[in-house]
Amino acid sequence: MSRTNRETFLRDLTPEIEKTGRSWYVVFALLLLVFIAGICGLIHQVDKGHIVTGMRDNVVWGVYIVNFIFFMGLSYAGALVSGTLHLFKTSWRAPVIRLAELITVISLAIGPFFIFFCVGRLERIPYILAFPRIQSPIVWDVIAIMTDVFGAAIFLFVSFIEDFAILRDAENLQIAPWKKKMFRILSLGYTGTPKQKKILTFSRNVMAAMIIAIAIIVYSVLAWIFGVTLQPGWHSTIFGPYFVIAAVFSGVGLLIILMAIFRKIYHLEKYITLKHFVNLGIVLFVIAAFFGYFTFSDYLTKWYGSVKMDKILIDKLFTEFRTYFIFANYIGILTPIIIIAIPRLRTIRNITIAAVIALLALWVNRYIIIVPTLETPFLPIQDTRHDWLFYSPTWVEWSLTAAGVAVFGMLFMIISKLAPIVSISELEEADEKLVNEPMKTRES
Amino acid sequence: MRKIYFRQTLILLLALPGALSHNSACLAQDAPKISPYLLFSYLKDTDSRKILQVRMTNITPTGEVPLPGRKIVFYNNGMLLGELITDAGGNANYTISDSVQLSRSEDGSWPFSVVFEGDSITDQAGGELSILDVNVEMKLSEEEGQKTVTLYASVPSADGPVPVTGEEIGVYVPRMFSLLPVSTGVLDENGTFRVKFPDNIPGDSLGNLTVIGRFNDNYFYGNVEKREETVWGTKAESVPAVYRSLWSTLAPKWMVVTLAIMLLGVWGHYTLVIINLIRIRKDSLKTRE
């Protein structure tokens with residue numbers, strides 16, 4: 001690796017670590033306000049009980065569980081994308097892989113909190129660990145998420161070591177002493193000797209492979225919580241792969257959105273180019289097609305079977321929930337397909353719009369998987385008061401949802417001040433390949 | 001163009017919560033009043049207590065939904081007896097006190113009626129019943145291993161009890177949600193009905209079960225019953241310890257083995273990577289020396 005290239009990368013990618021502009025503080029303060037509003041909502045909920053939410057006897061899962069599944073999906077998608085890009089040595093991965101890794105860990109740090117917001121009697125949570133029943137899908141999920149948290153953290157740390165070492169050794173880096181100390185500790189003394197490089201590469205490969213497997217299994221487990229339940233709309237054998245595909249769909253969408261944001265704000269136009277958007281756009285296209293296929297397959301078989309409760313559910317989806325159904329399953333799927341399929345439309349702006357629509361559509365998709373089913377129970381219970389039978393999220397739920405999104409943004413902002421948002425070591429590796437490959441061609 | 005793009009995204013994001021909340025608000029405004037189904041019945045139980053039973057429900061496409069919290073007013077021949085609020089199951093069971101002198105109609109029956117006045121979300125409803133008083137006696141006997149149930153029904157009169165004839169009566173045992181009919185038949189000219197009780201009805205672990213002799217939803221008498229505990233049932237076998245169900249503490253072996261293998265595999269790899277990180281640290285220390 002030439003010293004000049006490293007200096008160029010450091011010059012381009014580290015200004016955000018060295019100094020913080022006023023706009024960063026303004027945005028961070030705004031997000032903090034949203035977060036505080038969420039905390040107010042949470043305090044109100046703890047004080048008054050779950051009666052302040054829209055959840056009642058029939059619809060016991062609402063926006064909180066939608067958010068939980070959504071954030072967990074983003075996390076698994078981040079893991080799948082970053083693991084796959086690394087394992088298959090994708091040539092264009094360097095500028096985007098760090099973002100995918102961060103999505104994995106940050107989403108995973110936020111998602112499970114929505115479970116705590118959803119359940120009452122939080123003091124009983126330790127019972128899940130103290131008296132687990134292995135045959136309960138909830139216990140599978142707890143074990144899976146805990147395993148995933150550790151795996152994602154190790155994966156992220158392993159991928160950061162080389163960059164920490166580069167930042168530690170950077171002589172011209174104007175950063176606070178505590179940051180220097182942090183880089184020194186976290187780099188584990190890595191100096192890039194052949195032995196260390198070999199061990200680190202092996203470890204990264206192992207973790208990349210593990211993280212892909214774990215992401216598929218863990219999200220399938222989450223899907224099975226629904227799939228093993230005898231509820232109309234949930235009791236489906238394809239829910240495992242369907243959820244995994246949906247997760248990747250939303251995750252790729254979020255990755256594209258973050259690429260667009262950081263490219264613009266941190267002036268990364270030189271590194272994150274149209275090529276990256278188009279490549280990820282094509283991934284979004286393929287996943288959208290698969291997602292559409294799974295959705296169609298799931299609803300077609302339910303509709304054709306004409307089981308009473310499935311029929312009532314599908315009628316509900318096409319009447320009361322038709323706007324959301326059309327947005328989630330038509331607009332959300334077809335928009336990315338159309339934009340990517342027509343080469344003329346493949347601009348950064350259009351691909352980002354497609355990604356935003358895909359991401360929102362996926363959230364709505366989760367909503368119409370959960371709420372209409374719970375509004376269509378096999379055994380009606382207790383009251384028929386309208387607000388007990390039909391779910392409507394309250395400001396408390398929306399405030400906590402917004403707080404989740406705000407925390408996601410804040411964590412990204414904080415991390416972007418501690419380490420480069422684009423992996424310098426990956427860029428160096430890609431650069432080395434570029435230099436070596438023409439030489440090999442010449443030799444051959 | 002960039003501004004429009006930003007605005008579109010913002011509108012989309014802001015519209016979502018509003019749209020989702022609006023959906024239910026619209027539905028709430030459009031919701032029609034509940035047209036309740038009121039089931040009114042009479043029960044004279046084994047202790048000769050007279051109970052007026054009301055069940056209020058709403059028939060929906062997904063099934064029958066109980067209507068709790070509704071005030072039911074009970075009358076005898078226009079005279080107020082009392083009022084009750086339906087419970088979580090939509091039931092309101094009014095027990096007529098022995099001190100109440102019930103009014104009779106010309107044919108000697110007690111006319112009962114119930115009224116639900118209606119409320120902001122439920123239409124009004126009501127029901128009427130005419131009941132003739134009857135007494136049922138039940139005798140359980142066992143001769144040479146043959147178990148027999150004898151029922152005798154009579155109507156009280158000034159000249160003493162008058163046997164009931166030609167009416168259907170039955171022998172039942174309770175099961176989880178309803179009564180299991182063992183045998184039904186017609187009362188003879190002496191007002192009696194005799195039936196052999198089968199040997200294969202399951203009881204509890206000791207063979208205990210409850211035998212019920214009963215007029216079931218009779219046109220004249222409503223529900224009138226006598227209950228008696230006996231050891232005529234077969235002994236229930238205890239559930240084997242290995243039996244797996246959702247409420248069991250035992251997970252199937254394949255599940256435990258699969259989970260153990262998967263967790264060992266994953267955490268084994270984590271350990272391997274952590275050991276590698278320690279190796280990097282050690283190597284760097286060695287290089288520095």
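In the text below, chain A, chain B and the rest are named by the order of the sequence lines, each starting its count at 1.
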Testing A:Ile261, A:Ile353, A:Ile351, A:Leu359 for side-chain contact (heavy atoms from CB on, under 4.5 Å) with A:Ile256, which one passes?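 Exactly one pass, corresponding to A:Ile351.
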Beyond-backbone contact of B:Thr57 with B:Pro36, side-chain heavy atoms, under 4.5 angstrom: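 Contact flag for B:Thr57/B:Pro36 side chains = no.
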Measuring from A:Thr352:OG1 to A:Ile257:CD1, what's the distance to the nearest 0.5 Å?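 It comes to 8.0 Å.
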Modelled atom types, side-chain donor and acceptor of A:Glu397 and A:Thr53, under 3.5 Å: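 No, no side-chain donor-acceptor contact under 3.5 Å.
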Given a strict heavy-atom distance threshold of 4.5 Å, which part of [X] is in contact with chain B: side chain, backbone, both, or neither?
| X | result |
| --- | --- |
| A:Phe150 | both |
| A:Ile143 | side chain |
| A:Phe131 | neither |
| A:Thr193 | side chain |

Chain A contact via [X] - which portion, at a heavy-atom distance below 4.5 Å:
| X | value |
| --- | --- |
| B:Leu263 | side chain |
| B:Leu272 | side chain |
| B:Leu277 | both |

For residues A:Phe160 and A:Phe164, establish whether the separation of their ring centroids is below 6.0 Å.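 Ring-ring flag for A:Phe160/A:Phe164: true, centres closer than 6.0 Å.
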Let's go through B:Val73 and B:Tyr94 carefully: what are the C-alpha distance in whole Å and the side-chain angles of both, what is the deciding distance for side chain to side chain contact (heavy atoms under 4.5 Å, CB included) to 0.1 Å, and is it a yes or a no? CA-CA 10 Å; B:Val73 188; B:Tyr94 182 81; over 6 Å; no
